[in-house]
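All remarks here apply to the structure that follows.
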Amino acid sequence: MPVEEFVAGWISGAVGLVLGHPFDTVKVRLQTQNTYQGIVDCVVKTYRHESVLGFFKGMSFPIASVALVNSVLFGVYSNTLLALTATSHQERRAQPPSYTNIFIAGCTGGLLQAYCLAPFDLIKVRLQNQTEPRMQIGSSTPRYRGPVHCAASILKEEGPQGLFRGSWALVLRDTPTLGMYFVTYEGLCRQYTPEGQNPSSATVLVAGGFAGIASWITATPFDVIKSRMQMDGLKGRKYGGMLDCMASSFRQEGIGVFFKGMTLNSARAFPVNAATFLSYEYLLRLWR
Ligand SMILES: C[N+](C)(C)CCCC[C@H](N)C(=O)O
């Protein structure tokens with residue numbers, strides 16, 4: 001099994017993650033708190049109240065876990081393709097796999113990474129939603145002191161299943177959309193690369209960026225539901241389950257609720273996934 005693909009997935013994910021975290025924090029807040037008028041209002045309030053550090057809340061666990069999550073995504077994707085088409089990463093330029101196989105491999109990678117991601121993502125979302133400024137004397141203390149304290153409190157108060165709240169929505173968000181992610185990436189690379197050659201860095205950046213945007217746009221409706229389910233349980237349970245969360249969000253806020261955070265998801269997706277694919281391709285070529 002090509003181990004390099006797992007390692008390349010890890011490093012490239014971490015690079016992308018730091019770049020995109022501020023966008024992610026604003027998005028999560030807009031999706032789950034109704035106190036902001038829009039992106040600008042949320043950015044201004046966060047900055048005034050919590051300084052620039054506010055945008056980086058909840059980042060440590062994603063960085064620690066991106067190793068696992070991204071190596072599972074890219075590793076399972078590549079190894080599923082290997083099983084389906086009997087071609088390794090280096091042979092795939094000469095013998096390109098069909099889009100159906102790419103889609104199936106992407107969905108498989110997406111499904112498995114969603115399970116690894118679920119508890120880390122939940123802790124990230126809970127921490128991102130704490131709007132108390134850090135370490136200011138006299139200010140109210142936040143509910144969770146940090147990621148470990150957050151994980152321990154959830155385990156104690158909500159049980160182990162508490163850590164997996166929203167994981168159904170996460171699986172539905174990631175499985176088909178990661179299939180599409182790799183199809184878009186490969187499609188654009190093939191379009192702009194002469195046959196049999198490796199795509200140029202510019203092509204990889206653009207294809208990676210658009211793959212990110214395409215998959216995040218389609219993922220946004222389940223992303224909203226996922227974030228809301230993850231916040232549920234903090235102060236008792238508001239939703240009976242995923243379907244109830246969808247129905248009651250729709251009833252109260254209309255169809256627009258499913259598109260909350262779409263602009264930010266797309267804006268974040270381009271740089272994050274351009275960097276992710278560039279470093280992934282670069283590392284794999286470096287090791288050959
Ligand atoms: C499938 N969905 C679009 C939800 C996620 C795509 C993940 C790609 C990358 N790790 C990122 O954070 O952008």
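Counting starts at 1 for both ligands and their atoms, following the listed order. This structure is a prediction, so every number in the text was calculated from the model and none was measured.
Asn70 OD1, 4.1 Å is the protein heavy atom nearest to atom 10 (N) of ligand 1. Among all protein heavy atoms, the one lying closest to atom 4 (C) of ligand 1 is Asp174 OD1, 3.1 Å. In this structure, the protein non-hydrogen atom closest to atom 7 (C) of ligand 1 is Leu178 CD2, 4.2 Å. Trp216 NE1, 2.8 Å is the protein heavy atom nearest to atom 13 (O) of ligand 1. Atom 3 (C) of ligand 1 has as its closest protein heavy atom Ser215 OG, 3.0 Å.
In summary, the atoms of ligand 1 found under 4.0 Å from a heavy atom of Thr177, numbered by their order in the structure, are 1 (C). Annotation for ligand 1: atoms under 4.0 Å from non-hydrogen atoms of Ala219 are 3 (C), 4 (C).
Residue contacts with ligand 1 for Asn273 involve side-chain atoms from C-beta outward but no N, CA, C or O (heavy atoms, distance under 4.0 Å).
In terms of polar-atom proximity, Arg268 is counted as a contact of ligand 1, with an N or O under 3.5 Å from an N or O of the ligand.
Side chains of Thr35 and Arg29: a donor-acceptor N/O pair is absent below 3.5 angstrom, by distance only. When only modelled atom types and interatomic distance are considered, Asn34 and Lys260 share a side-chain donor-acceptor pair under 3.5 Å.
Taking a 4.5 Å side-chain heavy-atom cut-off between Ile, Leu, Val, Met, Phe, Trp and Tyr, the cluster of Ile225 extends to Trp168, Leu172, Leu188, Tyr192, Val206, Phe210, Ile213, Ile217, Phe222, Val224, Met229, Tyr239, Met242, Leu243, Met246, Phe250, Ile255, Val257, Phe258, Phe259, Met262, Phe270.
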Intermediate values then yes/no, salt bridge (Lys or Arg N to Asp or Glu O under 4.0 Å), Lys45 and Asp41: CA-CA 6 Å; Lys45 283 188 179 144; Asp41 185 43; 3.0 Å; yes
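Within the 4.5 Å cutoff, the side chain of Phe74 has heavy atoms near those of the Phe277 side chain.
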Please set out all donor-acceptor pairs under 3.5 angstrom arising from side-chain atoms of residues 14-23, sequence neighbours excluded.
unit_1: His21; atom_1: NE2; unit_2: Lys57; atom_2: O; d: 2.7

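Put simply, the side chain of Thr177 gets close to the backbone of Arg173: a donor and an acceptor are under 3.5 Å apart.
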